[in-house]
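First comes the structure, then the notes that go with it.
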There are 2 protein chains.
Amino acid sequence: MKLLSRQEEIVLLSIWKLKDNAYGVTIREHVSEITGRYWSIGAIYVPLDRLVEKGFIDPIQGEPTARRGGRSKRYYSITEDGMKALSEIKQVQDALWDGFPKLAGERSKV
Amino acid sequence: MKLLSRQEEIVLLSIWKLKDNAYGVTIREHVSEITGRYWSIGAIYVPLDRLVEKGFIDPIQGEPTARRGGRSKRYYSITEDGMKALSEIKQVQDALWDGFPKLAGERSKV
DNA sequence: GTTAAATTCTTCTATTTATTAGAAGATATG
DNA sequence: CATATCTTCTAATAAATAGAAGAATTTAAC
């Protein structure tokens with residue numbers, strides 16, 4: 001199986017972080033925040049579609065909300081295969097980064 | 001500045017790991033070992049060229065070695081900019097993965 | 001209460017960039 | 001010259017990127 005691409009990793013982890021509030025717009029906001037970069041609309045939706053196709057996330061159609069423009073959202077949740085793909089890339093990364101010097105100002109995890 | 005792509009990250013870190021023995025063939029071996037996957041020749045040399053072009057690594061022409069076919073190798077070493085790019089992607093990854101459950105069988109780092 | 005305006009969210013698609021594969025080429029020694 | 005090691009080249013496929021357009025909804029104007 002192929003490793004997750006960078007975008008797939010970032011989008012997939014954002015969905016995991018956002019729990020039950022993961023849809024196009026919130027994912028894009030989260031990704032921008034974490035990476036400190038501008039992300040176009042397409043840079044989110046294209047990988048999202050691919051992740052669905054690969055079976056790593058499931059789309060769930062939400063209900064419209066009572067606010068102007070509150071059209072129904074397409075929420076996403078991670079599948080078991082998605083979690084496996086994440087675990088796999090994590091394992092590779094841990095091996096790769098093993099021994100890399102701590103960043104200046106990095107705090108140790110609790 | 002753009003984030004490192006997956007291949008760039010993997011190749012760059014392999015060069016860092018291999019220290020003064022990082023050239024096409026050893027990099028390819030290391031990457032295959034770490035990822036547990038087949039990597040074609042091009043899958044190494046193409047990102048290598050791009051990393052040089054971006055100024056993240058410097059090529060150093062080695063001497064031939066006294067063995068059949070021991071032609072001179074092109075060694076690579078990471079530049080300051082390369083280290084910066086690595087630190088940056090690490091920071092993004094740490095933020096992304098923060099809170100992700102430990103893998104089964106994962107040992108804590110010393 | 002009908003219509004227009006505004007808002008939120010997604011779809012679509014063309015372009016650029018990156019990945020992948022491996023044959024071919026170059027350079028070395030036996 | 002035969003064989004081994006290493007790199008260059010390039011064509012094909014896949015992924016990233018941008019953002020205009022479209023769809024669905026609520027609010028406001030009249």
Side-chain angles (χ1 to χ4, degrees), chain A residues 1-12 14-15 18 21-32 35 37-54 56-76 85 89 92, chain B residues 1-12 14-15 18 21-32 35 37-54 56-76 85 89 92:
Chain A
M1 196 179 32
K2 283 196 55 180
L3 291 173
L4 287 175
S5 76
R6 178 73 68 206
Q7 269 57 30
E8 288 169 348
E9 173 194 6
I10 293 178
V11 166
L12 200 45
S14 294
I15 292 171
L18 289 164
N21 193 34
Y23 66 99
V25 171
T26 53
I27 293 167
R28 186 180 175 206
E29 284 168 359
H30 183 256
V31 167
S32 294
T35 61
R37 279 168 178 72
Y38 169 85
W39 288 68
S40 71
I41 296 168
I44 300 298
Y45 281 99
V46 170
L48 269 178
D49 285 350
R50 198 167 46 244
L51 286 168
V52 170
E53 205 174 281
K54 290 184 178 177
F56 291 165
I57 54 178
D58 280 334
I60 302 144
Q61 200 63 29
E63 293 299 312
T65 52
R67 40 187 301 208
R68 184 186 273 225
R71 63 177 288 196
S72 68
K73 305 159 177 50
R74 183 179 288 274
Y75 292 100
Y76 296 95
I89 195 76
V92 168
Chain B
M1 196 180 30
K2 282 196 54 181
L3 290 174
L4 288 174
S5 75
R6 178 74 67 206
Q7 268 57 31
E8 288 169 348
E9 173 195 5
I10 292 178
V11 167
L12 201 46
S14 295
I15 292 171
L18 290 164
N21 192 34
Y23 66 99
V25 171
T26 53
I27 293 168
R28 186 179 176 208
E29 284 168 359
H30 183 256
V31 167
S32 293
T35 62
R37 279 167 179 73
Y38 170 84
W39 288 68
S40 71
I41 297 169
I44 300 298
Y45 282 98
V46 170
L48 268 178
D49 286 349
R50 199 168 46 244
L51 287 168
V52 171
E53 205 174 282
K54 289 185 179 178
F56 291 165
I57 55 180
D58 280 335
I60 301 144
Q61 200 62 30
E63 292 301 311
T65 53
R67 40 186 302 208
R68 184 184 273 223
R71 64 175 288 195
S72 68
K73 304 160 180 44
R74 183 180 288 275
Y75 292 100
Y76 296 95
I89 196 74
V92 167

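Computation of the quantities below employed the complete heavy-atom set of this structure, encompassing side-chain atoms and omitting hydrogens, waters and symmetry-equivalent molecules. Each chain gets a letter, A, B and so on, in the order the sequences are listed, and its residues count up from 1.
Computed from coordinates, the A:Ile60 CD1 to C:dT10 C1' distance equals 17 Å when rounded to whole Å. Look at CG on B:Leu3: it is 15 Å from C1' on C:dA18, rounded to the nearest Å. One interatomic measurement links the two molecules: CG of B:Leu51 to P of C:dA18, which rounds to 11 Å at whole-angstrom precision. In this structure, A:Ile27 atom CD1 and C:dT10 atom C1' are separated by 12 Å, rounded to whole Å. Atom pair A:Lys54:NZ and D:dA14:C1' shows a separation of 9 Å (rounding to whole Å applied). In this structure, the CD atom of B:Glu9 is 15 Å from the C1' atom of C:dA18, given to the nearest Å.
Distance check, rounded to the nearest 0.5 Å: CG of B:Leu12 to CD1 of B:Ile57 gives 7.0 Å. Rounding to the nearest 0.5 Å places CD1 of B:Ile27 at 7.0 Å from CD1 of B:Ile44. The line from OG1 of A:Thr35 to CD1 of A:Ile10 is 6.0 Å long, rounded to the nearest 0.5 Å.
Judged purely by atom type and a 3.5 angstrom limit, B:Ser14 has no side-chain atom pairing as donor or acceptor with the backbone of B:His30.
Using a 4.5 Å cut-off on side-chain heavy atoms (C-beta onward), B:Trp39 and B:Glu29 make no contact. A 4.5 Å side-chain heavy-atom check between B:Arg6 and A:Ile89 finds at least one atom pair inside the cut-off. Counting only heavy atoms from C-beta outward, the side chains of A:Lys73 and A:Thr65 approach each other to under 4.5 Å.
Proximity of B:Gln7 to the phosphate of D:dA15: no side-chain N or O atom is located under 4.0 Å from OP1 or OP2. OP1 and OP2 of C:dA18 both lie 4.0 Å or more from every side-chain N or O belonging to A:Ser5. For C:dC9, one of the phosphate oxygens OP1 or OP2 lies less than 4.0 angstrom from a side-chain nitrogen or oxygen of A:Tyr23. Contact between the side-chain N/O atoms of B:Lys2 and the OP1/OP2 oxygens of D:dT17 is found at a separation under 4.0 Å.
Contacts between residues 39-47 of chain A and DNA chain C, defined by a heavy-atom separation under 4.0 Å, are made by A:Ile41, A:Tyr45, A:Val46.
Of the candidates A:Leu48, A:Asp58, A:Leu51, A:Tyr76 forms a side-chain contact (heavy atoms from CB on, under 4.5 Å) with just one, namely A:Leu48.
Counting any heavy atom pair closer than 4.0 Å across all strands shown, B:Tyr75 reaches no nucleic acid atom.
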Fill in the blank from the handout: Whether each nucleotide of nucleotides 25-30 of chain C has a protein heavy atom under 4.0 Å at its base (B), only at its sugar-phosphate (S) or at neither (-) is summarised, 5' to 3', as BBBBBS
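Surrounding CD of A:Glu63 are at most 12 heavy atoms belonging to other residues, nucleotides or ligands under 6.0 Å away.
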